[in-house]
Every structure is written in C-alpha cells, then in structure tokens.
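Notes for the one structure printed next.
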Number of protein chains: 2
Amino acid sequence: MVTLAEVAQHAGVSASTVSYVLSGKRSISATTRQRVEQSIRELGYHPNAGARALASSRSNIIALMIPLRTDMYVPVMMEIAIAVATTARTHGYDVLLLTGEEGPDAVRRVTGSGLADAMILMDVQLDDERLPLLRGTDQPSVLIGLPADTAGLTCVDLDFKATGALCVEHLAMLGHRDIAVIGEAPAVYERHTGFAERTLDGLRARSQELGMRLLHRPCEGGYDAMAVTLARIFDERPSTTGFVVQNESAVEPLLALLRQQGRAVPEDVSVVAICPDQVATQASVRLTSVSIPAQEMGRHAVEQLAAKLDGRGSDEVVLIAPELTVRASTGPAPTATH
Amino acid sequence: MVTLAEVAQHAGVSASTVSYVLSGKRSISATTRQRVEQSIRELGYHPNAGARALASSRSNIIALMIPLRTDMYVPVMMEIAIAVATTARTHGYDVLLLTGEEGPDAVRRVTGSGLADAMILMDVQLDDERLPLLRGTDQPSVLIGLPADTAGLTCVDLDFKATGALCVEHLAMLGHRDIAVIGEAPAVYERHTGFAERTLDGLRARSQELGMRLLHRPCEGGYDAMAVTLARIFDERPSTTGFVVQNESAVEPLLALLRQQGRAVPEDVSVVAICPDQVATQASVRLTSVSIPAQEMGRHAVEQLAAKLDGRGSDEVVLIAPELTVRASTGPAPTATH
DNA sequence: AAAAGCTGTCGAAGCGCTTCGACAACCTAT
DNA sequence: ATAGGTTGTCGAAGCGCTTCGACAGCTTTT
C-alpha cells in the first residue's frame, strides 16, 4: 500500500506538503502541486481512510438507517438509498448502511465510535426512541419523515397533509362527494409512523371543509385483503365514487377488483394514488397520482448534512409540496354528468 | 469522547490490558476483566473506529456495490442489501453502500484506501470490468451473480440454468408442449447480465430434451409492452399453453391481459414465474414459482467473506438449487385433459 | 535601508488504538 | 532447591495522516 510519505519522497517534498496539496488548506506553488499530483498518479496513491479519520476526526462517512421491515414502500426506500449514496459521493462522502435492527444502539455506536460524521434516519416514528439520542449529540443528522416533536431536529419529507388535501380537492373538483381511502396496513398506523396519519389528517380536514364524506379503511396489500376491504366499503357506502390509495401493494388488487365488479375506471369510479411515479405509470390503468419524491428527499437530506458539516446550514423542517399528476384513473363523478 | 486511556485509568490498569480485554487476544484474569468491563460500561466507551482501523489495518467494514439502475429486481436487491447488513452485524462488520455509478474506480478506491476489508458485488456482467481488479488484489470479495470466467473468484447465485430446466420440467409434466418465455427487458440481455442468459440456456436445453417448443421474447415491464409481446406470441404460436415469466414487472400485466382475453389461468394457460415469494403470493393469481432466495444469497455472501477474513474459507462458486413451489397458476395442459 | 507582511515549505507532535517484547509472579517437574 | 513453564500485565513503538508553529525567502511599505 502506497503511503503519503512515499508520495512525498517520490515528489521530493515533505509529507505535510503532500497533505496540503490534497486538502488545499494552505497555498502551494503551482509547480510543486503539479509535481505532487504527478507522483500521486504514478504511484496510484489513495489516502488511508483510517489514518485520515484518526488525524482529522472526520470519517467522511454518512450513516443511513433504513427500516428492517419491508412491509411498505420498498421501491421508495431503495430509491432514497440510492439517491443518498450517489449524492453523498458528489460531496466526498461514503454511506454506511445500517438497518433498524439495532435500534437506538446503532445511534450510540455510530456517534460513540466516530464511524460516521452524520446520520440520516428513515422510517421515523412519531415518538421515536432515537430522537433523544440525536438531540443529545452534536453530530448532525437529518430525518426523512416527521416525528411529533421536531424541536432541534432537521427533517425532510413530503408534505403528506397537503398531499391528502390535494387528493380530496382533485376529487371534489370532479364532483365526487363520497370517497373512500384505502390506507396502509393497520400495523403502519399502530406503529405511529407519521406519514400515514398526516395524510389522513389532510384527507379528513379538507373533505370536511368541502362537505364530502370520507371513509378510511387500512388495508394489507394483496388481493384477498383488498377484496374484503372493498366489499365492506361498498356495503357501508354504496354511493362511493372516489378512491384514494396509499399502499402500493393495494393498487393493482383494487384496480383488478373494480374491473371484475364491472365498475369502470374512471367512468364509474375515480382512483387517486399516492405512490412513486413508476408505480402510477406501470399500473393497469395509468393512475392519477401524487408522486413520492424519493430521490429528491434523499438528495436533499444529504445536502442538508453536507451543509451542516461545512458549518453552514441549520435545523429546519422541509416539507416538499405535493404535486398531483392527472392521468387516466380520474374523471367526473357519474352523478355529476347529468 | 471517551478513550481507551481513560477507561484504563478508571479501571486502574494499562491501556494495553483494556485492549486485550476487548479483543480477547491474550488471557486476562477474571477480576481484571470484570473491572475493565465495568469501567467500559460506566464511561460508555466505544472504541474509535479510525484509530482501530489504523492500528490494526482492519476497518471491520464490508463494501456492498449495488446497481445504480433500478430497472429490475428492486425488491430482490433490497432484500439482499438488508440481509447483507444484518448478517454482517452478527459478524461484527458494518456495511458500506456503494452504487455502481463509480464503476471500477470504486473498487480501486475501496481497496486503495482501506475503507473496507472486503467487498460484495452485485449485478455482475458476464465480462465485468471490475473482475481484473478483484483478481489483482488480496482483498477478499464475493460476487452475487456469475461472470463468464469464475477462476479465482467466489460467487453465490441461484442456479438459474437449473431454474430454467425446472420450470420446463414442471410444465412438461403437466402435458404442456408449446411454451413461451417472457424474458427480462432487452437491455438486460444486451448488458450480458449472466442470470438472464443462464435461465434461457436452461429453458432451451431442457425443452429440447423433452421435445417441447419454446418461444423466447424479452419484454419491458408494464401493460403496453406486455400487450404487444403477448399478441405476437399468440400470433406466431397460437397453440401456446405454458408461460415462464422472468420479469417481475411483467407478471401482473400478463395475468391481467390473459384474463381480459378470456384465457383462464390455469385452465387454459399455465404460468410459472421466477420471482421472490412475496411477488408470487401477492399476485392476482397465486403463482407457481421458483423463488429467488435473496436473503439466502446475501447471508451466504457475508458468511463467505467472514470466513475468508478469518483465514478460513476459499474461492468457490456456490449455486443455490432452485425450488419450485406449486401454487394456483399451473395445471394440466388443456389438450392433455381429454 | 529597515520593518513589516506574504507565500510556500518543512519538522514534529499527536490522533487512539493494537501489538510486540519484556518481565514479574506464580506453578510444575526434576 | 533449581530450572523451565505458564499466566497476567505493562511500556513503548508505530499505524498513516493532519495540523500547528517556525522560518526562509520574497515583496511591499515606510
């Protein structure tokens, strides 16, 4: 393995000079710089990560905690992870992948060992056990998601409340009055994962304001669960003409069942989905949807951290404004047409 | 930040003694050990990762290179990544997430900088540019996937050739004679990603042996692409009664289109999928499938590496035997029933 | 012409840990 | 009782880097 000292010798300068060429923290004459860079290239030198971390107290690593369970939003998680990794590289950081498995201990371990300079947490519960630890350390962190109390924290998330409102507004504008919400699996609500409840808040508040009737049913993914849920909905409120779906794995079952029951989309019922664009465009009906900007969230989180690590940036909550794209799954409410 | 020296002082021993308590590399009396462990707990000590890496030339980190593109097998990638991360932790390793973006440079960077002790590579091309680099370093690595030349490499993968054969056998046993393969997107074949071609090899070889006729059509995911592909297949070979699907995002479109055309599954046509179990059980028809053992591959890869890093283990190719689970999408060929 | 200020480079200290050799203290075999 | 082992602990060196202070050699100011 090539060391700094070897590069220095090869270039005929001292070790510190090479270090300053690398870091740019002191001015170096053009000729010396070139000579050093040449030596670096010729010898194929890569600075040793451990030594660097030890000497500078900076690992240039960002830790990313992803949820262990894969009961929801797998493609979203993946997209975020990839966006985080690629964005981090452009800022000179690598990404350490931690699963939720260790729980709060992972936070202790990472901050205590100096393994990473900063952390990104996903799958944040409203009252997450990791939050006190984050508040008690001076290591920067960003949450993707929104806990109940955001004081002293930096968060990035889609504005799910506005998302809920937006879905309702779109359906209202089309004349729908009775709408049903196919929610996430019950477990997601029990866990108090913020986004599900916030969406529901938005849906409820706006539908009330607009004088609409709303039915909310959590739903596991898959056909059987969906069949039961759908039957119940039409049983309780046969006049339902609008659906909002917030569960990727319920989308296709819902469409198939509606089709099977002879209810045409969008002529008889309209469906709005809250899902990544990819799902919306690949479904059997091209879905009107509010997209989940996974990449943007991941990128934003890293940029916040990079700013904080540079001494810039501060704590703030960034809620990304939802955007609804009209596709082929929504249309005027049937009663509104005559 | 608490240091080894502070722990040593607190426990009234030397730094090296604390180090040996931690590593277990020399015998320590029970009383001393307990005193040290007590101090560690009281002070909340975590060894500094950088210092440890520098002194021991071991980072206790495994690098995982995942593909940047998300055009296939997203849930599989995710499952592998999670399995790798959790298994790594049980062996005392953390996982560094690298995307394919950097290409071969990532390998150079990681091995050169001592960032990681070992690497796991996914999305391996038949003639991958990273392979020469891996062969030229003494850093252990494992490929998830199979390149053309495996000399000097350790690989883990599903035995896709046997998988292809198994699918054909199952359909043959049910009396099907004309079968169609809905393959991965054309780009996957062009990239020469081994698994797709190996599956095809297995399908072709076994169907020839069994005197069956086989049609192979690559297919992008989604409804439109599937509609075109399916039309072409029934056009060219109307007698087709068996399908093998190797593209998750083609599964649901295929089923929907068949249903729409009045072809009952499994009465008129049978469908065998090659996909994770989760997809097979959540589809609109419970699919007979060969599962992709993502977790097992991830776990196995880490265990191979852990063994190598312990000086045990050696280069070998492990092909996991496919298992076909019969569900509700396959049945006797229609002509075979009378 | 002296003082003051830059610029570019160097030497040395030290980051927190692992690990090697040394050695005291004890135990066992002769 | 002595030589030869064990066992448990310590001190010191050193891993490869960053960074601070020093300073030589300039240029600019007074």
Side-chain angles (χ1 to χ4, degrees), chain A residues 1-37 39-40 43-61 92 109-117 309, chain B residues 1-37 39-40 43-61 92 94 109-117 309 311:
Chain A
M1 189 188 272
V2 189
T3 69
L4 227 217
E6 289 168 340
V7 174
Q9 192 176 2
H10 186 271
V13 297
S14 76
S16 47
T17 300
V18 177
S19 178
Y20 286 124
V21 167
L22 251 34
S23 69
K25 291 189 179 173
R26 285 206 182 168
S27 54
I28 297 285
S29 71
T31 59
T32 309
R33 181 197 314 294
Q34 280 164 21
R35 205 140 35 83
V36 170
E37 282 168 352
S39 297
I40 288 176
L43 300 178
Y45 169 70
H46 286 271
N48 183 88
R52 191 166 246 199
L54 177 57
S56 67
S57 313
R58 283 293 206 106
S59 62
N60 291 308
I61 288 180
R109 194 166 63 84
V110 167
T111 59
S113 67
L115 239 185
D117 297 332
L309 290 168
Chain B
M1 188 188 269
V2 190
T3 68
L4 226 217
E6 289 169 339
V7 173
Q9 191 174 1
H10 186 272
V13 297
S14 75
S16 46
T17 300
V18 176
S19 178
Y20 286 124
V21 167
L22 251 35
S23 68
K25 291 191 179 174
R26 285 206 181 166
S27 52
I28 297 286
S29 70
T31 61
T32 308
R33 181 197 314 293
Q34 279 164 21
R35 207 141 34 82
V36 170
E37 283 168 351
S39 297
I40 288 176
L43 300 179
Y45 168 71
H46 286 273
N48 182 87
R52 192 168 246 198
L54 177 57
S56 66
S57 314
R58 283 293 204 106
S59 64
N60 290 307
I61 288 180
D94 274 294
R109 193 166 63 86
V110 168
T111 59
S113 68
L115 239 186
D117 298 332
L309 289 168

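Every heavy atom of this structure was used, including side-chain atoms; hydrogens, water molecules and symmetry mates were not.
With sequence neighbours left out, the side chain to side chain contact (heavy atoms under 4.5 Å, CB included) criterion links A:Arg26 to A:Tyr20. For A:Glu37, the side chain to side chain contact (heavy atoms under 4.5 Å, CB included) test picks out A:Val21, A:Arg33, A:Arg41, with sequence neighbours left out.
Taken residue by residue, residues 3-20 of chain B places heavy atoms nearer than 4.0 Å to DNA chain C at B:Thr3, B:Leu4, B:Ser16, B:Ser19, B:Tyr20. Listed by residue number, there are no residues of residues 44-52 of chain A with a heavy-atom contact under 4.0 Å to DNA chain C. Shown for residues 21-32 of chain A: residues whose heavy atoms fall under 4.0 angstrom of DNA chain D, namely A:Lys25, A:Arg26.
An angle of 40°, rounded to 10°, separates the two end axes of the helix from C:dA1-D:dT30 to C:dT30-D:dA1, each defined over five pairs.
Counting only distance, with no hydrogens or angles, the side chain of A:Glu6 and the backbone of A:Thr3 share a donor-acceptor pair below 3.5 Å. At distances below 3.5 Å, at least one donor-acceptor pair connects side-chain atoms of B:Asp117 with backbone N or O atoms of B:Ser59.
Following rounding to the nearest Å, B:Leu54 (CG) and D:dA13 (P) show an atom-to-atom distance of 17 Å. Atom pair A:Arg58:CZ and D:dT18:C1' shows a separation of 13 Å (rounding to whole Å applied). Look at CZ on B:Arg35: it is 11 Å from C1' on D:dT9, rounded to the nearest Å.
Contact annotation: the side chain of A:Arg52 approaches that of A:Leu22 to within less than 4.5 Å [non-hydrogen atoms, C-beta and beyond].
Atom CZ of B:Arg58 and atom CG of B:Leu309 lie 5.0 Å apart (nearest 0.5 Å).
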